Amino acid sequence: MNIILLGPPGAGKGTQSGLLVEHHGMVQLSTGDMLRAAVKAQTPVGVKAKSIMDRGELVSDEIVSALIDAELAAMGDDVGAIFDGYPRTEAQALALDELLGKHGRELAHVIELDVDEDALVERITGRFTCAECGEGYHDVFKQPRTPGKCDKCGSTEFKRRPDDNEETVRTRMREYRAKTAPILPLYEARGIVSRIDGMADIDDVTTRIEAILKA
Ligand code: AMP
């Protein structure tokens with residue numbers, strides 16, 4: 001089963017994708033994660049993408065679609081894909097249709113996480129992760145049980161994304177409203193869109209997603 005998780009930055013797409021990977025052995029295809037890895041490795045794509053990402057703007061459609069193409073080519077046919085943060089523009093949505101056809105896959109669901117933008121700014125600017133294992137934390141909502149020590153792996157190193165500051169977050173949200181939200185009607189016309197309250201507790205959101213996948 002292949003699904004798209006759609007929603008503005010901080011809506012919980014990454015968190016929910018992680019849970020689906022854990023529970024169902026699906027594969028998370030996050031173009032944001034792929035681009036961050038490219039930036040870290042200083043590949044030509046990473047070098048090009050870095051300043052665009054730091055500003056909160058969108059990297060070119062060709063670059064992200066090529067990343068998705070490569071990941072789909074490397075994946076086993078029997079494993080479901082969760083598209084997280086892709087597609088983000090109409091051109092990417094059309095490219096994804098082609099890529100799915102090329103790799104013999106069909107899109108089962110587009111799940112939109114509906115959220116309140118002002119609350120999102122608080123959610124995003126407070127988030128940080130364990131530098132070792134990637135476990136997610138938050139200044140207000142989820143501090144490590146022992147201050148300064150990761151619950152999962154015990155590391156004392158944490159990191160924040162450079163684009164998780166208020167100004168960049170506002171730009172990322174504008175980009176979402178202007179370029180990403182308009183692709184929903186394309187999927188609505190196919191009858192595969194479900195809308196979920198993304199401000200609910202993480203567990204409630206997961207339960208609702210599970211129900212959609214089972215339906
Ligand atoms: P994310 O982790 O999904 O919030 O993405 C972080 C940043 O990576 C975005 O603000 C964009 O600059 C870039 N990015 C990630 N995915 C895409 C995409 N599908 N299209 C264009 N830019 C992207």
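Counting starts at 1 for both ligands and their atoms, following the listed order. This one's a predicted model, so the numbers in the text were calculated from it and none came from an experiment. Excluded from the calculations below are hydrogen atoms, water molecules and symmetry mates; all remaining heavy atoms, backbone and side chain alike, are included.
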Below the 3.5 angstrom mark, is there an N/O of [X], backbone or side chain, next to an N/O of ligand 1?
{"X": "Gln92", "value": "yes"}
{"X": "Gly85", "value": "yes"}
{"X": "Arg36", "value": "yes"}
{"X": "Val59", "value": "yes"}

Residue selection (non-hydrogen contact nearest atom 12 (O) of ligand 1) among Glu175, Arg161, Glu57
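The option holding the nearest heavy atom is Glu57.
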
- Best match, Met34, Arg88, Arg172: closest heavy atom to atom 5 (O) of ligand 1: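 Looking at heavy atoms only, Arg88 sits closest to atom 5 (O) of ligand 1.
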
shortest atom 16 (N) of ligand 1-to-protein heavy-atom contact is with Thr31 OG1, 2.8 Å

- Task: Quick one: look up the protein heavy atom nearest atom 7 (C) of ligand 1 and list residue, atom name and how far away it is.
- Result: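 Result for atom 7 (C) of ligand 1: Met53 CE, 3.9 Å.
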
- Query: Do the ring planes of Phe128 and Tyr137 sit parallel (below 30°), tilted (30 to 60°) or perpendicular (above 60°)?
  - Reply: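 Ring orientation of Phe128 relative to Tyr137: parallel.
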
Applying a 4.0 Å heavy-atom criterion (strictly less than), which segment of [X] is in contact with ligand 1: side chain, backbone, both, or neither?
{"X": "Arg55", "result": "neither"}
{"X": "Leu58", "result": "both"}
{"X": "Asp84", "result": "neither"}

Short N-O contact, [X] and [Y], less than 4.0 angstrom:
{"X": "Lys102", "Y": "Asp69", "result": "yes"}
{"X": "Arg123", "Y": "Asp164", "result": "no"}
{"X": "Asp139", "Y": "Arg160", "result": "yes"}
{"X": "Arg195", "Y": "Asp114", "result": "no"}

* Step by step, work out the side-chain contact (heavy atoms from CB on, under 4.5 Å) result for Leu6 and Leu184. => CA-CA 9 Å; Leu6 209 67; Leu184 264 166; 3.6 Å; yes

Q) How many angstroms lie between atom CD of Gln92 and atom CG of Leu99, to the nearest 0.5 angstrom? A)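 Those atoms lie 10.5 Å apart.
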
ask   = What distance separates Met26 CE from Met75 CE, expressed to the nearest 0.5 Å?
value =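 Answer rounded to 0.5 Å: 8.5 Å.
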
Quick one: which ligand 1 atoms are inside 4.0 Å of a heavy atom on Leu35?
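Result: 8 (O), 13 (C), 14 (N), 15 (C), 23 (C).
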
Note: ligand 1 atoms sitting under 4.0 Å from heavy atoms of Asp163 are 6 (C)

Report yes if the side chains of Pro87 and Ile183 come closer than 4.5 Å at any heavy-atom pair, otherwise no.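 Side chain of Pro87 against side chain of Ile183, heavy atoms only: contact under 4.5 Å found.
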
